[in-house]
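One structure is given below, encoded as structure tokens.
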Amino acid sequence: AGAKVLRTFSYEIGEEEITQILELRPEIILLAGGTDGGNQDTILANAATLSQMDYKLPVIVAGNAKAAPEACRILSAGGHAATVAENVLPSLGRINVEPVREIIREVFLRRIVRAKGLEKACRIVDQIIMPTPAAVLEGVRLISESLGEMMALDVGGATTDVYSLATGTPTVAGTIWKGLPEPYAKRTVEGDLGVRHGVAYLAEMVGTQELAAATGLSEEAVRLGIAARINNIAFLPQDDLNEQKLDDGLARAVATIALQRHAGTVTAQYAPFGKLLIQKGKDLTAISKLLVTGGPVIGALDPVALIRGALADIDDPAVLTPRSATVIVDRHYILSAIGLLAQVDPVVALQLFENEFIA
């Protein structure tokens, strides 16, 4: 839905958890728990605990359908703006996320936007306003209706988002798929992966030696380049070829890690009757289209080669990333605009994609 998850809490919460919530100062709380027809006690107890919290904020209740109205009443009586959404887990093995996504977006527009002084924008713009990640998801969703199952990657200076519009079912016969089924439209946000805000951590993860080998630069040049970006998050390579090579190497490393985290995995287990393949998450090996956006990729010397290199760097066959996807580059940085336009005129939005994107 475009929200940043600060922390999750499980089971019944108490004073310690309330203290942590107060320290985090979230803008929305999502209260879930209990399948429909299942446990009601925990969600009602948590609603009662939250209702006593002095810090009042919107709470979206998306748990046990029978208990949700009572939980909403308890929260409202405590001064919170409570809203009921459909249960995110109505039954074991079935995830239902779209309704709560829409409500999170509505709460964002109705309360958060106003609180942040952006209400003027709502008066000036008479069409839809939504968070950029949500707009990108809508754009990818529209494009997938034309292209079929696909992925998208948005590499940024602070975070990196990965999208998959696919069922992710096993592609190898006899593979057993374990865990909860993932949503067809899945988005993951890597808050620690960025070529500016997260560059120190990225360099630590990847290693100076590996970055030097990938970029053709000396280790000293890499160290100096990393330091320059740490000291100035607005750093731009300008016309310095070596600095551009380092930025490309950082973007490639970010893409590699983000794609690897998003995809599912398969492992072999042995039973008395032979070897079993166990899949967790989505199998994206057959994805044939990968749409890429974000300044660090668009501004690269060769965006397509960068992404193909990132995929090639995932050398673990257990990671189910695309094996031979065509890379489509958002060269004009308009994917989020397509997502917005899709809410008004999806036909024109799709035409814009077909006219402006270059495979």
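The structure presented is a predicted model; accordingly, all values stated were derived computationally and were not measured.
Inter-residue side-chain proximity for Met150 and Leu291 is flagged as met; some heavy-atom pair is nearer than 4.5 Å. Put simply, the side chain of Asn96 does not reach to within 4.5 Å of the side chain of Asn87, judged on heavy atoms. A heavy-atom distance below 4.5 Å is not found between the side chains of Val136 and Asp161. Two residues are said to be in side-chain contact when any heavy atoms from C-beta on lie closer than 4.5 Å; Thr169 and Asp283 fail this criterion. Counting only heavy atoms from C-beta outward, the side chains of Gln238 and Glu243 never approach each other to under 4.5 Å. Two residues are said to be in side-chain contact when any heavy atoms from C-beta on lie closer than 4.5 Å; Arg308 and Leu311 fail this criterion. Using a 4.5 Å cut-off on side-chain heavy atoms (C-beta onward), Thr208 and Ile226 make no contact.
For the side-chain hydrogen bond (donor to acceptor under 3.5 Å, both in side chains) criterion with Ser164, the lone passing option out of Lys282, Glu182, Arg187, Lys186 is Lys282. Checking Val155, Leu259, Val297, Val206 one by one against Val254, the side chain to side chain contact (heavy atoms under 4.5 Å, CB included) holds for a single residue, Val155.
The side chain to side chain contact (heavy atoms under 4.5 Å, CB included) search around Asp41 returns Asn39, not counting sequence neighbours.
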With side-chain contact (heavy atoms from CB on, under 4.5 Å) as the test, would you mind laying out the steps for Thr321 and Leu284 before giving the verdict?
CA-CA 5 Å; Thr321 44; Leu284 301 170; 5.9 Å; no

Would Leu50 and Met53 count as a side-chain contact (heavy atoms from CB on, under 4.5 Å) here? Give the steps.
CA-CA 5 Å; Leu50 289 170; Met53 189 169 61; 4.3 Å; yes

Using side-chain contact (heavy atoms from CB on, under 4.5 Å), reason through Phe357 and Ile338 one step at a time and then give a plain yes or no.
CA-CA 11 Å; Phe357 282 62; Ile338 288 174; 3.4 Å; yes

When you look at Val347 and Gln351, which way does the side-chain contact (heavy atoms from CB on, under 4.5 Å) test go after all the steps?
CA-CA 6 Å; Val347 174; Gln351 288 175 347; 4.0 Å; yes

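Atoms OG1 and NZ, from Thr326 and Lys289 in turn, are 5.0 Å apart once rounded to the nearest 0.5 Å. Taken to the nearest 0.5 Å, the CG atom of Leu44 stands 10.0 Å off from the CD atom of Glu12. Interatomic distance, CG of Asn46 versus CD1 of Ile13, reported as 4.5 Å (0.5 Å rounding).
Under the 4.5 Å side-chain heavy-atom criterion for ILVMFWY residues, a single connected hydrophobic cluster contains both Met205 and Leu217.
Taking a 6.0 Å sphere around CG of Asn355, one finds it holds more than 12 heavy atoms contributed by other residues, nucleotides or ligands. The number of heavy-atom neighbours closer than 6.0 Å to CD of Glu354, taken from other residues, nucleotides and ligands shown, is above 12.
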Show me the donor-acceptor pairs within less than 3.5 Å that the side chains of residues 269-277 make with the rest of the protein, sequence neighbours left out.
none

